[in-house]
Amino acid sequence: MTEEQQQQFVIPPMPEAPPPVPPPVPAPETPVRVRKDRRVLRAALRWTTAVVVFAAAGAGTAYGITQMKRTDVPGLATASDGRWDYPVITRPPLPSGSPGPFAADNKTNAHYADLRALLLPAPKGAKADASLRGTNGWLPTKTFLAQYADTAERKELAQKLTDDGLRHIAARGWTTPDGTQTRVYLLQFDTAVAADELFSPGLISYDSPVYALDGAPATAYDDSVSTGILDVHVKASAYVEDKPVGPADVRQAYLSAGDTLGLIVQSRKGVAKAVPFKQTLTLQSQLLG
């Protein structure tokens with residue numbers, strides 16, 4: 001090998017020390033930013049959770065109030081509207097094998113239950129009217145007729161009752177602590193057809209009853225008494241006394257239910273209140289329906 005070739009293959013000497021390592025580049029401040037972002041996120045989550053909790057609590061409270069009765073919410077209690085405290089109203093049992101008055105197989109709409117048991121009971125605290133007890137619970141026709149003002153009209157109505165096949169009359173009366181006097185009469189006839197014809201036009205016209213009660217010489221139709229407060233099988237026509245009223249204000253209503261007619265009369269010094277009158281009418285209709 002020539003000297004020139006040997007010079008080309010000379011290996012350079014190794015350096016005495018490794019080259020210096022360049023200084024590290026400072027890391028970006030990412031961890032600090034991450035920690036800050038996490039704090040913000042945690043705070044946001046806490047606020048969001050609080051809002052959701054309060055919203056849920058508010059919604060729950062609103063729902064709870066809407067589910068409570070008005071009288072259960074402090075400050076929203078409603079004073080009594082004047083209704084009487086009647087006992088639980090139940091229809092009397094029917095004789096074995098007998099249908100209800102408006103059952104599909106009762107073509108004559110006859111009431112087979114004891115008529116005396118179909119009378120509305122007196123409300124709690126009321127004093128019974130002994131004059132309407134009759135004999136064994138059956139009221140004489142003359143006692144029923146005595147409440148009508150005109151003697152000639154009493155005779156005319158008595159004849160109608162006879163001609164239409166009146167079977168018997170049951171009645172009940174009472175006086176409540178506020179002085180309201182109530183009389184309830186039920187009249188049962190041989191057929192529902194006869195009872196319905198006597199109801200109208202025999203006893204009522206649209207704007208006034210045919211026969212005036214004692215103490216109520218002039219009356220007006222009470223259009224506040226609607227079919228909505230009655231049993232679906234019962235018809236009624238109600239009247240109030242025209243002003244100026246006499247010594248006592250008188251309300252009255254005739255009812256028709258199959259073979260039975262009813263008359264409810266309430267009177268009171270000053271004003272005969274509408275609420276207990278409608279309540280009494282409603283409950284009596286339910287017993288007859």
Applying the 4.5 Å side-chain criterion to the ILVMFWY set and letting contacts propagate, would [X] and [Y] be lumped into a single cluster?
X	Y	answer
F189	V210	yes
L230	Y185	no
Y112	L166	no
L203	L263	yes
L119	V234	yes

Ignoring hydrogens and angles, tell me if any N or O in the side chain of [X] forms a donor-acceptor pair with the backbone of [Y] under 3.5 Å.
X	Y	value
D207	Y221	no
R183	D129	no
T175	K127	no
S205	S208	yes
E241	Q252	no
D249	V271	no
R172	L120	yes
Q159	E156	no

Can you tell me how far [atom2] of [Y] sits from [atom1] of [X], rounded to the nearest 0.5 angstrom?
X	Y	atom1	atom2	answer
L187	H168	CG	NE2	9.5 Å
L283	I89	CG	CD1	5.0 Å
D150	L213	CG	CG	12.5 Å
T176	K124	OG1	NZ	15.5 Å
Y239	I204	OH	CD1	4.5 Å
L157	L145	CG	CG	5.5 Å

Do [X] and [Y] touch side chain to side chain, with heavy atoms closer than 4.5 Å?
X	Y	value
L198	L161	yes
P101	H233	no
S224	K278	yes

Identify the heavy atoms of [X] and [Y] that sit nearest to each other, and give their distance.
X	Y	answer
L287	P121	CD1-CD, 4.4 Å
K160	G202	NZ-O, 3.1 Å
F102	A257	CZ-C, 3.8 Å
R116	N136	NH1-O, 2.5 Å
A117	P92	CB-CB, 3.6 Å
Y211	E153	CD2-CB, 3.6 Å

By salt bridge (Lys or Arg N to Asp or Glu O under 4.0 Å), D190 pairs with (sequence neighbours left out) none
Could you walk me through whether L255 and L186 pass the side chain to side chain contact (heavy atoms under 4.5 Å, CB included) check? CA-CA 9 Å; L255 299 86; L186 297 182; over 6 Å; no
Side chain to side chain contact (heavy atoms under 4.5 Å, CB included) for T191 and T108? Distances and angles first, verdict last. CA-CA 7 Å; T191 67; T108 61; over 6 Å; no
What do the steps show when you test V184 against W174 for side chain to side chain contact (heavy atoms under 4.5 Å, CB included), and what is the final call? CA-CA 9 Å; V184 181; W174 61 82; 4.0 Å; yes
What pairs meet the side-chain hydrogen bond (donor to acceptor under 3.5 Å, both in side chains) rule with one or both residues in residues 254-271, with sequence neighbours excluded?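 Those involving residues 254-271 are H111-D259, H111-T260, Y148-Y254, T182-Q266, Q188-D259, Q266-T280.
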Pairs where residues 211-238 contributes a residue and the test salt bridge (Lys or Arg N to Asp or Glu O under 4.0 Å) is met, not counting sequence neighbours: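 Counting only pairs at least two positions apart or across chains, the salt bridge (Lys or Arg N to Asp or Glu O under 4.0 Å) contacts touching residues 211-238 are R91-D231, D196-K235, D222-R251.
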